[in-house]
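Numbers for residues simply follow the sequence, beginning at 1. Heavy atoms only: backbone and side chains are in, while hydrogens, waters and symmetry mates are out.
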Amino acid sequence: MIGTIRTLDTDMQEDIHQKMQRTVTNIAESAGATAELIIDKGYPVTFNNPELTARMLPSLEKSAGEKNVVVIPPVTGSEDFSFYAQKVPGLFFFLGAMPPEISSTEASLHHTPDFYIDERCFPLGIKSLIQLTMDYKN
């Protein structure tokens, strides 16, 4: 059996792994068998530092317009970025690269065969990164 386990924090992840190990072992033993659970932790939790996010939110609003910036609840996406955020406070944001005629609820997810980037968002991405950099440095 192969699967993905995604959590919103490291403690929750460890708790789930321990419970899975206990469950796998107990189910196997109840049938007179043994089982082996191998968990490859893969990517760490992608986490936005709350202080950095609060500090940089006005920069994103300045570059994209206040009505275009939405703080979303945590998602269980998996990103290489999470390794950086383990070393320094991080802020991961979505640019909104879907065509305007497609709603965010209907757009294909990243890392899927149907994912499409509307390249007209690139100037906004550059503007946002410059604004974030300048405001962070000041």
Side-chain angles (χ1 to χ4, degrees):
M1 187 184 315
I2 298 173
T4 301
I5 307 162
R6 294 185 182 179
T7 61
L8 297 175
D9 68 61
T10 307
D11 290 337
M12 180 189 298
Q13 181 184 59
E14 189 59 38
D15 184 49
I16 289 172
H17 291 177
Q18 288 175 3
K19 287 178 179 177
M20 286 181 66
Q21 183 64 57
R22 186 170 50 247
T23 301
V24 165
T25 301
N26 290 341
I27 289 173
E29 287 176 355
S30 73
T34 61
E36 179 181 14
L37 176 66
I38 300 169
I39 297 176
D40 176 10
K41 289 190 177 183
Y43 295 96
V45 174
T46 302
F47 173 77
N48 278 355
N49 177 278
E51 292 82 18
L52 180 62
T53 301
R55 178 178 165 200
M56 302 315 296
L57 192 58
S59 301
L60 290 171
E61 291 172 342
K62 197 182 311 179
S63 63
E66 191 172 338
K67 66 178 177 36
N68 295 317
V69 176
V70 178
V71 177
I72 61 172
V75 296
T76 55
S78 179
E79 276 293 333
D80 295 354
F81 173 82
S82 60
F83 289 108
Y84 294 112
Q86 284 186 322
K87 304 290 183 190
V88 296
L91 169 62
F92 187 91
F93 66 95
F94 294 102
L95 183 55
M98 65 206 151
E101 63 274 6
I102 298 177
S103 76
S104 60
T105 58
E106 296 171 353
S108 295
L109 298 175
H110 294 208
H111 311 290
T112 63
D114 296 331
F115 178 62
Y116 174 78
I117 295 178
D118 183 343
E119 294 179 357
R120 291 177 288 182
C121 73
F122 288 178
L124 174 59
I126 293 167
K127 182 179 177 183
S128 297
L129 290 173
I130 290 171
Q131 189 70 57
L132 286 164
T133 302
M134 297 302 291
D135 291 348
Y136 183 82
K137 296 291 283 178
N138 291 329

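The CD1 atom of Ile126 sits 10.0 Å away from atom CG of Leu95, with the distance rounded to the nearest 0.5 Å. The OG atom of Ser59 sits 9.5 Å away from the CG atom of Asn138 when rounded to the nearest 0.5 Å. Rounded to the nearest 0.5 angstrom, Phe47 CZ and Asp9 CG are separated by 9.0 Å.
Every residue two or more places apart in sequence or in another chain that forms a side-chain hydrogen bond (donor to acceptor under 3.5 Å, both in side chains) with Glu79 is listed here: His111. The ring pair (Phe, Tyr, Trp, His ring centres under 6.0 Å) test applied to Phe83 returns Tyr43, not counting sequence neighbours. Not counting sequence neighbours, the partners of Thr112 by the side-chain contact (heavy atoms from CB on, under 4.5 Å) test are Ser108, Leu109, Phe115. For Met134, the side-chain contact (heavy atoms from CB on, under 4.5 Å) partners at least two apart in sequence or on another chain are Ile130. Legend: residues meeting side-chain contact (heavy atoms from CB on, under 4.5 Å) with Ile72, ordered by chain and number and at least two apart, are Val70, Val75, Phe94. Every residue meeting the side-chain contact (heavy atoms from CB on, under 4.5 Å) condition with Thr76, not counting sequence neighbours, appears here in chain and number order: Arg6, Leu8.
Within the structure, no pair that satisfies the ring pair (Phe, Tyr, Trp, His ring centres under 6.0 Å) test touches residues 49-76, not counting sequence neighbours. For residues 82-102, no residue pair satisfies the side-chain hydrogen bond (donor to acceptor under 3.5 Å, both in side chains) rule, not counting sequence neighbours. Residue pairs satisfying the side-chain hydrogen bond (donor to acceptor under 3.5 Å, both in side chains) criterion with at least one member in residues 115-131, sequence neighbours excluded, are listed as follows: Ser63-Ser128, Asp118-Arg120, Gln131-Asp135.
In this structure, Leu124 is not a member of the same hydrophobic cluster as Leu132, with clusters built from ILVMFWY side-chain heavy atoms closer than 4.5 Å.
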Side-chain atoms of residues 48-58: list all donor-acceptor pairs with protein atoms under 3.5 Å, sequence neighbours left out, distances to 0.1 Å.
unit_1	atom_1	unit_2	atom_2	d
Asn48	OD1	Phe92	N	2.6
Asn48	ND2	Phe92	O	3.1
Asn49	OD1	Glu51	N	3.1
Asn49	OD1	Leu52	N	2.8
Thr53	OG1	Asn49	O	2.8
Arg55	NH2	Tyr136	O	2.9

Check residues 17-28 and write down every donor-acceptor pair under 3.5 Å in which the side-chain atom is one partner and the other belongs to a residue at least two apart or another chain.
unit_1	atom_1	unit_2	atom_2	d
Lys19	NZ	Asp15	OD2	3.2
Gln21	NE2	Thr25	OG1	3.3
Thr23	OG1	Lys19	O	2.8
Thr25	OG1	Gln21	O	2.9
Asn26	ND2	Arg22	O	3.3

Side chains of residues 32-40: which donor-acceptor partners sit under 3.5 Å, not counting sequence neighbours?
unit_1	atom_1	unit_2	atom_2	d
Asp40	OD1	Gly42	N	3.3

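The two atoms that bring Thr7 and Val45 nearest to each other are O-CG2, 3.6 Å, heavy atoms only.
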